[in-house]
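Only one structure is covered here, and it is reproduced in the block below.
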2 protein chains.
Amino acid sequence: MEKYLKILREHGIKVTPQRLEILRFLDTHHTHPTADEIYHELRKKNPALSKTTIYNTIQSLTDHGLLHTLNFRTHEARFDSVINHHHHLLCSECGKVIDIEVECPFTKEKIAGGHRIDEVHGYFRGVCKDCLGIGGK
Amino acid sequence: MEKYLKILREHGIKVTPQRLEILRFLDTHHTHPTADEIYHELRKKNPALSKTTIYNTIQSLTDHGLLHTLNFRTHEARFDSVINHHHHLLCSECGKVIDIEVECPFTKEKIAGGHRIDEVHGYFRGVCKDCLGIGGK
DNA sequence: ACTCCATTTTGTAACCTTTACAATCTGATA
DNA sequence: TATCAGATTGTAAAGGTTACAAAATGGAGT
């Protein structure tokens, strides 16, 4: 509680119970949830929660650099509160999104082909370690 | 004309005027268009064209490995018929999507962190060369 | 603690891209 | 040329996100 309250205050975001819960959920569940998943999970404890609040808070956290959006599929945004740089793997077997800590040369380059690079997003598709271990080879 | 007819036949895709036009458009416009952009452009010459045909053809070309989908923003798929590997830059000034030919280490690795990598997608956000030249520094 | 006000939350409806579906049409083969 | 599986079309539905207005609430100042 204290931790998330501090984060919001440090970024000049007005503190509300909804924002605290959303921030806590994102920080304790690194599953790259969709807005809908966050909504349904938090609604268990707060049935009055509105989906608009989810989106508003996501926007607010994003504006303050506390949240990244992952667009794997066209209709489905996923959110990631781990803001240090890493790539992501979408497992085609289990559908999970998995963090991959990598040495990517582009995170250090600021220019590529004459263009200025501000953000680097690496998305992989494949099969995760767990799914490889169970059925595959 | 001959070129696109040949491509379709080689991939066992039934040849129709709509598919030929869509394939030609994608091959001659490397602007990473949305489905809507393809639709409105081709409708100028064929007012009877249906948007469903655009999506059906996109699906068909994708299934045969002739087309890649780019998901920069939620709700906005862009399509790329250049299937050799390259990364993309979304310019935050002009909004254009620009191809970046890069030496990416992950295109050669098949395993990362124990996970199997099948596809690599590199998305950058930044400011393109042209926009840097005009206003920026 | 109380008041006030800007901000936030809520609920509903609108928005937009994509998909589903059924009827019509058409390309390729015989 | 006849046939039929597959393609195209138009409409409607689906699904995630956004817009909006009314009600509520957090935080500063008293």
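Just so it is clear: chains get the letters A, B, ... in the order the sequence lines come, proteins before strands, and each one is counted from 1.
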Quiz item: Which ones in residues 89-96 of chain B lie close to DNA chain D, meaning a heavy atom under 4.0 Å from one of its atoms?
Solution: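 Result for residues 89-96 of chain B: none.
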Exercise. For DNA chain D, find the residues of residues 33-43 of chain B with a heavy-atom distance under 4.0 Å and give them by number; none if there aren't any.
Key: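 Going residue by residue through residues 33-43 of chain B, none turns out to have a heavy atom under 4.0 Å of DNA chain D.
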Self-check item: Partners passing ring pair (Phe, Tyr, Trp, His ring centres under 6.0 Å) against B:His85 (at least two apart in sequence or in another chain)
Solution: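 By the ring pair (Phe, Tyr, Trp, His ring centres under 6.0 Å) rule, B:His85 matches B:His87.
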Quiz prompt | Partner residues of A:His64 under the ring pair (Phe, Tyr, Trp, His ring centres under 6.0 Å) criterion, sequence neighbours left out | solution =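 So A:His64 forms no ring pair (Phe, Tyr, Trp, His ring centres under 6.0 Å) with any residue.
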How would you list, by chain and number, every residue that makes a side chain to side chain donor-acceptor pair (under 3.5 Å) with [X], sequence neighbours excluded?
| X | answer |
| --- | --- |
| A:His121 | A:Glu119 |
| B:Asn56 | none |
| A:Glu41 | A:Lys44 |
| B:Tyr55 | none |

Quiz item: For the helix from C:dA1-D:dT30 to C:dA30-D:dT1, what is the angle between the axes at its two ends, each from 5 pairs, rounded to 10°?
Solution: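 Result, rounded to 10 degrees: 40°.
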Quiz prompt | Qualifying salt bridge (Lys or Arg N to Asp or Glu O under 4.0 Å) pairs with a residue from residues 45-68 of chain B, counting only residues at least two apart or across chains | solution =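 As it turns out, the salt bridge (Lys or Arg N to Asp or Glu O under 4.0 Å) pairs with a partner in residues 45-68 of chain B, which skip direct neighbours, are B:Asp36-B:Lys51.
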Please enumerate all protein N or O atoms sitting under 3.5 Å from an N or O of nucleotides 19-26 of chain D, with distances to 0.1 Å.
| residue | atom | partner | partner atom | Å |
| --- | --- | --- | --- | --- |
| D:dA19 | N6 | A:Thr52 | OG1 | 3.2 |
| D:dG26 | O3' | A:Val15 | O | 3.0 |

Output a table of donor-acceptor pairs, distance under 3.5 Å, between side-chain atoms of residues 70-83 of chain A and any protein atom two or more places apart or on a different chain; print 'none' if there are none.
| residue | atom | partner | partner atom | Å |
| --- | --- | --- | --- | --- |
| A:Asn71 | OD1 | B:Thr74 | OG1 | 2.8 |
| A:Asn71 | ND2 | B:Phe72 | O | 2.7 |
| A:Thr74 | OG1 | B:Asn71 | OD1 | 2.9 |
| A:His75 | ND1 | B:His75 | NE2 | 3.3 |
| A:Glu76 | OE1 | A:Arg78 | NE | 3.3 |
| A:Arg78 | NH1 | A:His32 | O | 2.7 |
| A:Asp80 | OD1 | A:Val82 | N | 2.9 |
| A:Asp80 | OD2 | A:His86 | NE2 | 2.9 |
| A:Asp80 | OD2 | A:His88 | NE2 | 2.9 |
| A:Ser81 | OG | A:Leu26 | O | 3.1 |

